[in-house]
There are 2 protein chains.
Amino acid sequence: MQPIEQPKSLMEVTTGKIRDAIVSGELSLGSKLSEQRLADMLGISRSPVRDALAALQIEGLVNVSPKRGSFVFTPDMRDVDELCEHRTILEIAAIRMGMDRNYDKLIKSLEESCDAMQRALDKPNPKNYSIADDQFHKFILDASGNRSIIKSYNHTISRAKALRTHLFTIFDENTDRSMGEHIQILEACRNKDSDLATTLIAKHIEHLATAFRIGHSNQPTDTST
Amino acid sequence: MQPIEQPKSLMEVTTGKIRDAIVSGELSLGSKLSEQRLADMLGISRSPVRDALAALQIEGLVNVSPKRGSFVFTPDMRDVDELCEHRTILEIAAIRMGMDRNYDKLIKSLEESCDAMQRALDKPNPKNYSIADDQFHKFILDASGNRSIIKSYNHTISRAKALRTHLFTIFDENTDRSMGEHIQILEACRNKDSDLATTLIAKHIEHLATAFRIGHSNQPTDTST
DNA sequence: ATCAACCATGTAACATGTTAGTTGGAATTG
DNA sequence: CAATTCCAACTAACATGTTACATGGTTGAT
């Protein structure tokens, strides 16, 4: 017998559902989210929906406008830059910590992610590539072992995921270059060259930021549905 | 005529009240928070209290245990270390950015905070010293200009404030040393020596972490009302 | 035709009712 | 007396009702 985990509350499930819908592009940026309508769609009452929207507002994925309604976030260029900068800081710090404290685990998990990315390129399967890409960076954070930083990163990263989905149509992003960069980062970690690893991560995210900027300028104010 | 700001919602006011009560030590670490009781105390219904507790849970100040009740957070040694580490990373990044992008504003605001700290030492007024201390670090973050990082920092820092209040009785912390460190940091900024500034910040927060560890070991499991 | 007052509708904020899980202690059993 | 069962009280989760505000279209006056 082992302790059973608390089954997820309705609110948590709802939060995940709405987050997924935003990140996956099912809900477009800026689209309206009525508590009542979401509750009807999900077949539950307004309470857990309201709680979920409040949580997502803190996460930055949703803006709640008093008495007017809730809306999926609409990032401007500055948001994108700030988000990437924040990400860079956290990932650089995390990879340094991970190399110091969890070298073996770090290498193992990054290898695993790189393999998954390579498989996704071979098929090719864009969705799986994105998942493995996310996993790669998540593993860097996990290796840091600092729960406060991991939590902060997770709160930050969902916006980046949503941006990628909304700004890139399937394979706009240069996945070959991306793949190579990930492998370089892994290699730098293997060699315990933390300075190189951090430089590579900074460049990698800067490339992403540039792609975001281009994508964002092509697709300005999108306020459908 | 200028646009009026939206008056704060009951939930926001409630969040602030509870947060202040925790940070100020009015509510001790680990103490129980019943939605009903808080609502009665504040003369409002359970809804805004519930929303506030949910927000504070995300902020890390409160743990909500399903069907059991809500409790003020009870950090262990590891939490303290992780929190300080996280803080260091954000402040170091922010001061680099601030020196690059908002040098004048940074210097001016740090000078202002140092003056306030010095005045608090002269009186002496511990509470004012803490406020000015917090302000000093907040200004470093503000100078970065990165809203994502600022928001993340603010979510992180309230736990640190609460720790200081709960672990230190009035002037346990070495405020003279603290004052000197702040001045050194300011001086390093004035000289645009960002490497020195970051080193000093790391040391400054490490001193705080050490003080927390000592305070924490002296005051283990405190689960009073 | 123009414009402003008005009203119907939609919204989240807030209040309150209901339900199911948790807990601590009293009653019961050995 | 000790251990267990059971029950009453408490709790947050969730449902639903009410209210105040926002909005967009209609109407009525000019």
Side-chain angles (χ1 to χ4, degrees), chain A residues 1 3-19 21-22 27 30-74 221 223-225, chain B residues 1 3-19 21-22 27 30-74 221 223-225:
Chain A
M1 294 287 291
I4 66 176
E5 77 284 5
Q6 194 87 222
K8 283 197 175 179
S9 74
L10 214 43
M11 178 275 216
E12 288 174 286
V13 176
T14 307
T15 306
K17 279 246 187 218
I18 299 175
R19 185 193 291 113
I22 294 172
L27 291 167
S31 63
K32 188 168 182 178
L33 302 170
S34 159
E35 288 179 3
Q36 182 68 66
R37 206 136 30 83
L38 287 169
D40 292 344
M41 276 194 242
L42 299 169
I44 57 177
S45 81
R46 284 150 26 219
S47 298
V49 174
R50 180 177 168 73
D51 293 344
L53 288 176
L56 291 171
Q57 182 179 34
I58 293 174
E59 200 171 319
L61 280 177
V62 165
N63 296 320
V64 178
S65 204
K67 317 278 185 180
R68 287 172 23 86
S70 305
F71 303 86
V72 178
F73 79 128
T74 51
T221 46
T223 330
S224 54
T225 319
Chain B
M1 293 287 290
I4 65 176
E5 76 285 4
Q6 194 87 223
K8 284 197 175 179
S9 73
L10 215 42
M11 177 274 215
E12 288 174 286
V13 176
T14 307
T15 307
K17 279 247 187 218
I18 300 175
R19 184 192 293 114
I22 294 172
L27 291 167
S31 62
K32 187 168 181 177
L33 302 169
S34 157
E35 288 179 5
Q36 183 68 66
R37 207 135 29 82
L38 286 169
D40 292 343
M41 277 195 240
L42 299 169
I44 58 178
S45 81
R46 285 150 24 219
S47 298
V49 174
R50 180 177 168 74
D51 293 344
L53 289 176
L56 291 170
Q57 181 178 36
I58 292 173
E59 202 171 316
L61 279 177
V62 165
N63 296 321
V64 178
S65 205
K67 317 276 187 180
R68 285 169 26 85
S70 304
F71 304 85
V72 178
F73 79 129
T74 51
T221 45
T223 330
S224 55
T225 307

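Remember, predicted model here, so these are calculated numbers, not experimental data. Naming convention: chains lettered A, B, ... in sequence-line order (proteins, then strands); numbering from 1 in each chain.
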* Separation of atom CZ in A/Phe71 from atom C1' in D/dT23, rounded to whole Å -> 11 Å

* To do: Take the protein atom NZ of A/Lys67 and the nucleotide atom C1' of C/dA12, then report the distance between them rounded to whole Å.
  => 6 Å

* Under 3.5 Å, is there a donor-acceptor pair between the B/Glu12 and B/Ser9 side chains? -> yes

* Asked: Between C/dA15, D/dA13, C/dA12, which nucleotide gets closest to the side-chain atoms of B/Pro48?
  -> C/dA15

* Contact class for A/Ser47 vs. all strands (heavy atom < 4.0 Å): base, sugar-phosphate, or nothing? -> base

* Nearest-Å distance for atom pair CD/P, residues A/Glu12 and D/dC14 -> 9 Å

* Would you say the side chain of A/Val64 lies within less than 4.5 Å of the side chain of A/Leu56, judging by non-hydrogen atoms? -> no

* OP1 or OP2 of C/dT11 sitting under 4.0 Å from any side-chain N/O of A/Arg37? -> yes

* To the nearest Å, give me how far apart CD (B/Gln36) and P (C/dT22) are. => 20 Å

* **Candidate nucleotides C/dC14, D/dA13, D/dA12, ranked by approach to the side chain of B/Leu10 - the nearest** => C/dC14

* To the nearest Å, how far apart are B/Asn63 CG and D/dT11 P? -> 17 Å

* To do: Indicate yes or no: at least one non-hydrogen side-chain atom of B/Pro66 is less than 4.5 angstrom from one of A/Gln6.
  => yes

* In terms of side-chain heavy atoms of B/Glu35, which of D/dA15, D/dA13, D/dT11 is nearest? -> D/dA13

* To do: Round to the nearest Å and state the distance from B/Leu33 atom CG to D/dT11 atom P.
  => 11 Å

* Establish, with yes or no, whether the OP1 or OP2 oxygen of D/dA12 is under 4.0 angstrom from a side-chain nitrogen or oxygen of B/Ser70. => yes

* To do: Please round to the nearest 0.5 Å and tell me the distance separating atom OG1 of A/Thr15 and atom CG of A/Asp51.
  => 8.0 Å

* Mark yes or no for whether A/Ser34, through its side chain, and A/Arg37, through its backbone, hold a donor-acceptor pair below 3.5 Å. => yes

* Among the nucleotides C/dT22, D/dA12, D/dC14, which one has an atom lying closest to any side-chain atom of B/Arg68? -> C/dT22

* Mind calculating the distance between NZ (B/Lys32) and P (C/dG24) to the nearest angstrom? => 8 Å

* What integer distance in Å separates B/Arg50:CZ from C/dG17:P? -> 17 Å

* Can you tell me if the side-chain N/O atoms of A/Ser45 get under 4.0 Å from OP1 or OP2 in D/dC14? -> no

* What nucleotide, of D/dA12, D/dA22, D/dG17, holds the atom closest to the side chain of A/Arg46? -> D/dG17

* Structure fact -> Regarding the side chain of A/Gln6, the nearest nucleotide among C/dT22, C/dT18, D/dT23 is C/dT22

